[in-house]
Number of protein chains: 2
Amino acid sequence: MFSKACEYGIRAVLFIAKQSQKDLRPNITEISKAIDSPEPFTAKVCQQLARAGILLSKKGPNGGFYLEKDSTLKLAEIVATIDGDNIFKGCGLGLRECSSEHPCPVHDQFMVVRNGLKKMCENTLVMELAANLEEGETFLKV
Amino acid sequence: MFSKACEYGIRAVLFIAKQSQKDLRPNITEISKAIDSPEPFTAKVCQQLARAGILLSKKGPNGGFYLEKDSTLKLAEIVATIDGDNIFKGCGLGLRECSSEHPCPVHDQFMVVRNGLKKMCENTLVMELAANLEEGETFLKV
DNA sequence: TTATTCAAGGACAAATCTGTCTTAAAAAAA
DNA sequence: TTTTTTTAAGACAGATTTGTCCTTGAATAA
């Protein structure tokens, strides 16, 4: 569904969000340990998210990645930054032009599924998911 | 969402289904022209589907690929054969173990979307999609 | 000011996916 | 039986994704 980069990206952001709620600013080593991901690859993804303004970063001692405590970041923004929005908009069968005027054979069926994914990602707040994480109700690795 | 191989596979099967309804047995050249896909790559995909028993094939003059007219083939079988069933079952964030006992932070939300996709693919009959194609209501290329 | 800690960035390597080419083998038609 | 048409299969090549390594530069603390 999502690329590896996107999976790591979401997991990293959720960990960072959880730490940010505790006024901590994890560095890449801590992040990749917490989410069990390859460190240099995860660094790339976090850098990309920081360039896009999704994450904030601070260099030097006690630096790391963080989010504003009152961030209203949604899942959809992470996905769109890393994987683009083709998953939310593209044709399920790969047609360049697929619309109600020129539909592929599964156009209507896919629209329902894709819109479900889109709505879900747009309605899911990173900070809320991070709160559940904090309670130990959900997990970021294994 | 799906791999290129899977996109071509579905489009190829739908074209073959449509032709089978007319008692025709298209060869690879005709198939890849009809769905606008790279011929040798499409051949691989069709061979894979034939090996899996999804498609039937016949060698020699007037040979080609075909389906039984009363085939009850569903979209889900094509997808599972080419891309595996990870898209229907796997964790959205890539966790090896993700279940209600050990859920990732988006487990419940993804389950809804994934089940929607799964149900849709399991309920969609290739022969019905092919019928709409025949009416010129839907398209397999551009 | 200096040393340390960190993100940023670029070059590289491996693996997978996508796509091509060539040859073999089967089946029908001539 | 021979030729032609077709699928089948394997080796290869390019592109993309995934993952690694090394250097640079910024920021803080000492």
Side-chain angles (χ1 to χ4, degrees), chain A residues 1-13 15-16 19-20 24-33 35-67 79 81-84 86-87 90 93-94, chain B residues 1-13 15-16 19-20 24-33 35-67 79 81-84 86-87 90 93-94:
Chain A
M1 183 94 81
F2 298 146
S3 68
K4 281 287 163 198
C6 193
E7 290 177 359
Y8 297 149
I10 295 172
R11 279 152 64 190
V13 169
F15 175 69
I16 294 163
Q19 298 306 93
S20 294
L24 295 172
R25 205 155 44 200
N27 64 29
I28 276 296
T29 305
E30 294 165 325
I31 294 168
S32 59
K33 279 215 176 83
I35 70 173
D36 190 25
S37 67
E39 186 173 322
F41 191 61
T42 309
K44 293 274 179 204
V45 175
C46 287
Q47 282 162 30
Q48 185 186 355
L49 291 171
R51 268 198 304 276
I54 303 281
L55 281 178
L56 301 170
S57 70
K58 203 160 148 44
K59 290 182 179 179
N62 276 309
F65 292 92
Y66 63 104
L67 284 170
V79 173
T81 299
I82 302 178
D83 280 354
N86 204 51
I87 189 148
L93 300 188
Chain B
M1 185 94 82
F2 298 146
S3 68
K4 280 287 161 198
C6 192
E7 290 176 358
Y8 296 147
I10 296 172
R11 279 152 63 190
V13 169
F15 175 69
I16 293 163
Q19 298 305 93
S20 294
L24 295 173
R25 205 157 43 201
N27 64 29
I28 277 294
T29 305
E30 293 165 326
I31 294 168
S32 59
K33 279 215 176 84
I35 70 173
D36 191 25
S37 68
E39 185 172 322
F41 191 63
T42 308
K44 293 273 177 201
V45 174
C46 288
Q47 282 162 29
Q48 186 186 354
L49 290 171
R51 268 197 306 275
I54 303 279
L55 281 179
L56 300 171
S57 70
K58 204 160 150 44
K59 291 183 180 180
N62 276 310
F65 293 91
Y66 62 105
L67 283 171
V79 174
T81 298
I82 301 177
D83 280 354
N86 203 51
I87 190 151
L93 301 188

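Letters go in sequence order (proteins before strands), and every chain restarts at 1. Because only heavy atoms are used, hydrogens play no part in the values below, and waters and symmetry mates are left out as well, while side chains stay in.
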Phosphate OP1/OP2 of D:dT18: any A:Tyr8 side-chain N/O under 4.0 Å: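 No, A:Tyr8 has no side-chain N/O under 4.0 Å of OP1/OP2 on D:dT18.
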
Phosphate OP1/OP2 of C:dA8: any A:Ser57 side-chain N/O under 4.0 Å: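 True: A:Ser57 side-chain N/O within range (under 4.0 Å) of C:dA8 OP1/OP2.
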
Heavy-atom check, side chain of A:Val13 versus side chain of A:Leu67, under 4.5 Å: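 A side-chain contact under 4.5 Å exists here.
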
Student check: side-chain heavy atoms of B:Phe65 and B:Leu49 closer than 4.5 Å: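 When only atoms from C-beta onward are counted, B:Leu49 and B:Phe65 do not touch, as no gap falls below 4.5 Å.
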
Rounding to a whole Å, what distance do you find between [X]:[atom1] and [N]:[atom2]?
X       : N      : atom1 : atom2 : value
B:Glu7  : C:dC17 : CD    : P     : 14 Å
B:Ile28 : C:dC21 : CD1   : C1'   : 15 Å
B:Ile82 : C:dT18 : CD1   : P     : 11 Å

Residue B:Lys4, side-chain atoms from C-beta onward, closest of C:dG19, C:dA7, D:dT6: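 Of the candidates, C:dG19 comes closest.
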
Heavy-atom pair of closest approach, residues B:Ile35 and B:Ala12: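 That closest heavy-atom pairing would be CD1-N, 3.7 Å.
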
Proximity to DNA chain C (any heavy atom under 4.0 Å), residues of residues 46-55 of chain B only: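 Hits under 4.0 Å, by residue number: none.
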
Polar side-chain atom of B:Gln19 near backbone of B:Ile16 as donor-acceptor pair, under 3.5 Å: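 Pair absent, no side-chain N/O of B:Gln19 close to backbone of B:Ile16.
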
Chi angles and distances behind the side chain to side chain donor-acceptor pair (under 3.5 Å) call for B:Ser32, B:Thr42: CA-CA 7 Å; B:Ser32 59; B:Thr42 308; 5.5 Å; no

Base versus backbone protein contacts along nucleotides 20-30 of chain D [heavy-atom cut-off under 4.0 Å; B, S, -]: BB---BSBB--

